[in-house]
Amino acid sequence: ARAGRGWCQGLDIPNELFLTLGLVSLVENLLVVATILKNRNLHSPTYYFICCLAASDMLVSVSNLVVRLFMLLMEHGVLVIRASVIHHMDNVINMLICSSVVSSLSFLGVITVDRYITIFYALRYHSIMTQQRAMVTMASVWLASTVPSTIFITYYHNNAILLCLIGFFFFVLVLMLVLYIHMFALARHHLCSISSQQKQPTVYCGSSLKGAVTLTILLGVFFICWGPFFFHLILIVTCPTN
């Protein structure tokens with residue numbers, strides 16, 4: 001146990017770095033939201049979902065900026081806050097972060113399902129995904145994200161709560177994996193049919209390879225961005241004392 005504690009050293013990351021990353025993320029997501037709201041051509045369910053995804057990520061950025069700004073001010077003696085106030089602020093910030101995590105994952109799943117409907121039910125898409133259904137979906141996701149975050153912050157010491165959050169992450173990951181692979185398989189089948197008719201196997205192989213690379217990048221970025229956070233939760237459940 002002593003040897004295990006020896007190599008497990010803390011990594012001190014400057015608050016200035018987190019502050020900079022938070023600002024960059026905030027500006028990027030603000031640009032996405034502003035572009036979708038300003039451009040009338042983007043006023044469709046698909047882009048509404050993307051707008052909500054950007055808003056969810058923006059909540060993480062704002063929460064991060066507030067926390068790091070307060071920590072910097074307290075470190076330099078500019079701001080003095082009582083411990084009880086810090087505790088309440090910490091709970092509020094954690095609830096915002098948890099709510100944004102759940103909503104971000106949910107909207108990633110919704111966007112995947114929306115793309116799936118677009119490809120497999122193209123002729124019926126506008127009758128399936130109406131403006132009203134899109135609004136109801138968005139409202140439901142936001143509401144469903146707020147309630148679990150409150151429960152999570154209240155009972156965060158309970159492993160069952162952490163396991164539910166971890167399970168939700170893997171559910172979204174599997175959902176995206178299955179649906180995108182199915183979509184890729186359909187596109188590959190269409191390319192195969194076209195290439196056999198036109199006798200251009202080179203074009204088919206190149207397009208198929210690009211599709212596979214795009215799919216790998218999409219799922220890889222999703223796992224790289226969210227994986228460390230949920231890996232940390234897994235460690236909390238499996239190794240609570242270390």
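Not measured: the values here are computed from a predicted model.
Of all heavy-atom pairs between I128 and R133, the closest is O-NH1, 2.7 Å. V237 approaches L163 most closely through the heavy-atom pair CG1-CD2, 4.1 Å. Of all heavy-atom pairs between T112 and L108, the closest is OG1-O, 2.8 Å. Across every non-hydrogen atom of Q131 and H43, the tightest pair is NE2-O, 3.7 Å. What you find for S106 and V141 is that their closest heavy atoms are CB-CG1, 3.5 Å.
Under the rule for a side chain to side chain donor-acceptor pair (under 3.5 Å), the partners of S25 that lie at least two apart in sequence or sit in another chain are N29, S61. For Y116, the side chain to side chain donor-acceptor pair (under 3.5 Å) partners two or more places apart in sequence, or in a different chain, are H182. A search for side chain to side chain donor-acceptor pair (under 3.5 Å) contacts involving T20 returns nothing, not counting sequence neighbours. Considering only residues two or more places apart in sequence or on other chains, S99 meets the side chain to side chain donor-acceptor pair (under 3.5 Å) condition with none of them. Residues forming a side chain to side chain contact (heavy atoms under 4.5 Å, CB included) with T118 (at least two apart in sequence, or on another chain): D114, R115, Y125.
Within 6.0 Å of the CZ atom in F222, the count of heavy atoms belonging to other residues, nucleotides or ligands exceeds 12. In the displayed structure, F120 atom CZ is contacted under 6.0 Å by more than 12 heavy atoms of other residues, nucleotides or ligands. Residue-environment remark: CZ (F229) exceeds the threshold of 12 foreign heavy atoms within 6.0 Å.
Between the side chain of T130 and the main chain of H126, no donor-acceptor pair closer than 3.5 Å is present.
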### Message
Checking Y48 against L37 for the side chain to side chain contact (heavy atoms under 4.5 Å, CB included) test, could you report, in this order, the C-alpha distance in whole Å, the side-chain angles of both residues, the deciding distance, and whether it holds?
### Response
CA-CA 9 Å; Y48 289 153; L37 293 179; 6.0 Å; no
### Message
For T137 and F49: C-alpha separation, side-chain torsions, deciding distance, then whether side chain to side chain contact (heavy atoms under 4.5 Å, CB included) applies.
### Response
CA-CA 9 Å; T137 301; F49 296 146; 4.2 Å; yes
### Task
Mind running side chain to side chain contact (heavy atoms under 4.5 Å, CB included) on L162 and N159 for me, showing each step along the way?
CA-CA 5 Å; L162 294 178; N159 283 348; 4.2 Å; yes
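When side chains are defined from C-beta on, T146 does not count as touching V102, because their heavy atoms never get closer than 4.5 Å. For the pair V32/E28, no side-chain contact is recorded, criterion being any heavy-atom separation below 4.5 Å from C-beta on.
Note: W142 and F107 meet the aromatic proximity criterion, with ring centroids under 6.0 Å apart.
Within the hydrophobic cluster formed by Ile, Leu, Val, Met, Phe, Trp and Tyr side chains joined at under 4.5 Å, directly or through other members, V136 stands alone, with no partner residue.
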